[in-house]
2 protein chains.
Amino acid sequence: MKIMRPLIHPSIEDITVEGILHALSDPVRVAIYAQLAGAPCTNICSNFQQISDRSIPKSTLSQHFRALREAGLVRSERRGVEMHNTSRCMEIEQRFPGLLPAILKAHGIQSADQARATRRKQTTARKRAG
Amino acid sequence: MKIMRPLIHPSIEDITVEGILHALSDPVRVAIYAQLAGAPCTNICSNFQQISDRSIPKSTLSQHFRALREAGLVRSERRGVEMHNTSRCMEIEQRFPGLLPAILKAHGIQSADQARATRRKQTTARKRAG
DNA sequence: ACTATAGTTCGCAACTTATGAACTATAGAA
DNA sequence: TTCTATAGTTCATAAGTTGCGAACTATAGT
């Protein structure tokens with residue numbers, strides 16, 4: 001019987017800008033991180049969670065959380081059978097002031113724009129139909 | 001004889017946060033972009049340029065510039081035999097205010113830290129030797 | 001011990017990236 | 001105009017990365 005490898009959390013000095021940008025350059029991962037950072041610092045990773053209108057397989061979600069963790073964005077700990085993930089925003093804010101807020105803000109702007117575009121498209125479709 | 005495909009520049013609405021983060025999640029590309037944005041908005045892409053203490057093959061450099069261009073970070077135009085690349089920072093600042101400055105600032109902090117660490121290592125080595 | 005639930009690991013197919021070799025594009029000289 | 005040099009692009013391919021189903025580990029509550 002094989003043992004599971006322990007969770008890896010880089011120390012704050014080992015966190016890189018490239019690592020952060022790469023981790024957040026995936027739409028699913030920014031969405032997860034935005035939720036985590038917004039609500040504010042506690043969330044649970046469950047299987048086939050609805051992230052950005054899409055059902056994600058649990059193995060994929062698990063990999064995404066690993067990516068966030070190993071980039072230093074998130075701290076994960078077991079709470080019984082579940083996983084407890086918290087944003088490491090305070091630490092990162094100290095090392096790279098303003099970086100995460102700027103990314104989250106930009107992400108917010110983009111989501112709002114997309115929502116607006118979708119709404120417009122639906123309205124147009126309804127006009128055409130009616 | 002084949003013709004070369006024209007340079008692609010996304011329009012400002014088509015630029016995504018994910019695209020920007022992905023483009024800048026590569027150490028060579030942030031280094032290039034930081035130079036471009038810092039000096040301020042003009043630079044030339046030449047073969048085997050020294051970027052961050054490393055000689056990059058020209059085909060690779062060309063792909064990196066393409067990545068920056070197609071993410072919307074850079075505008076490229078031919079100037080005779082050379083390429084003229086300018087940062088699209090103004091446009092992006094309008095769409096995602098504060099995003100690029102925050103990334104460049106974080107990149108600066110990290111570079112400074114790395115330089116400091118390197119210097120310390122050298123000093124230690126000299127002490128050991130002398 | 002048995003069952004249910006939550007998440008991880010493995011293996012592989014699909015995708016991406018780096019790079020040398022061959023090519024295109026332009027400028028300037030002969 | 002043809003020749004040569006320079007700057008950059010494209011192509012092929014090898015190496016690396018990612019997404020996901022199936023099988024597994026870990027924990028809690030019977």
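Convention: sequence-line order gives letters A, B, ...; per-chain numbering from 1.
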**Student:** Under 4.0 Å: is that the gap between some side-chain N or O of B:S59 and OP1 or OP2 of C:dT19?
**Tutor:** no

**Student:** Atom CD of B:Q63 to atom P of D:dC11: distance rounded to whole Å?
**Tutor:** 10 Å

**Student:** Mapping A:V81 and A:M4 onto DNA chain C by nearest heavy atom, which one lands closer to the 5' end?
**Tutor:** A:V81

**Student:** Grab the NE2-P distance between B:H64 and C:dT17 for me, whole Å please.
**Tutor:** 10 Å

**Student:** Will you find, in the side chains of B:S76 and B:R69, an N or O donor that is under 3.5 Å from an N or O acceptor?
**Tutor:** yes

**Student:** Compare the minimum distances between each of D:dT10, C:dA25, C:dT8 and the side chain of B:R78, then state the nucleotide with the smallest one.
**Tutor:** C:dA25

**Student:** Considering only NZ, NE, NH1 and NH2 on the basic side and carboxylate oxygens on the acidic side, decide whether A:E82 and A:R79 come within less than 4.0 Å.
**Tutor:** no

**Student:** In whole angstrom, give the distance that lies between atom CZ of A:R66 and atom P of D:dG19.
**Tutor:** 12 Å

**Student:** Output side-chain donor-acceptor pairs under 3.5 Å for residues 109-117 of chain B, partner residues at least two apart or in another chain, one line each.
**Tutor:**
unit_1: B:Q110; atom_1: OE1; unit_2: A:V17; atom_2: N; d: 2.7
unit_1: B:Q110; atom_1: NE2; unit_2: A:E18; atom_2: OE1; d: 2.8
unit_1: B:S111; atom_1: OG; unit_2: B:H107; atom_2: O; d: 2.9
unit_1: B:D113; atom_1: OD1; unit_2: B:R116; atom_2: NH2; d: 2.9
unit_1: B:D113; atom_1: OD2; unit_2: A:R95; atom_2: NH1; d: 2.5

**Student:** Nearest-Å distance, NE2 (A:H22) to P (D:dG16)?
**Tutor:** 16 Å

**Student:** Is the phosphate of D:dC20 approached by A:T60 (side-chain N or O, under 4.0 Å from OP1 or OP2)?
**Tutor:** yes

**Student:** Check the distance between C:dT5's C1' and A:E82's CD and give it to me in whole angstrom.
**Tutor:** 9 Å

**Student:** Please give, in whole Å, the distance from D:dC20 C1' to A:I56 CD1?
**Tutor:** 11 Å

**Student:** I want to check something: taking the side chain as every heavy atom from C-beta on, are A:V28 and A:T60 in contact at a cut-off of under 4.5 Å?
**Tutor:** no

**Student:** Return no unless some side-chain N or O of B:H84 is found under 4.0 Å from OP1 or OP2 of C:dT26.
**Tutor:** no

**Student:** Figure out the CG/P separation between A:D26 and D:dT17, and round it to whole Å.
**Tutor:** 16 Å

**Student:** Does any nucleotide pair with D:dT30 by Watson-Crick or G-U wobble geometry, both distances under 3.5 Å, and what is it?
**Tutor:** C:dA1

**Student:** Separation of A:K58 atom NZ from D:dA22 atom C1', in whole Å?
**Tutor:** 10 Å

**Student:** Are more than 12 heavy atoms from other residues, nucleotides or ligands located less than 6.0 Å from atom CD of A:E13?
**Tutor:** yes

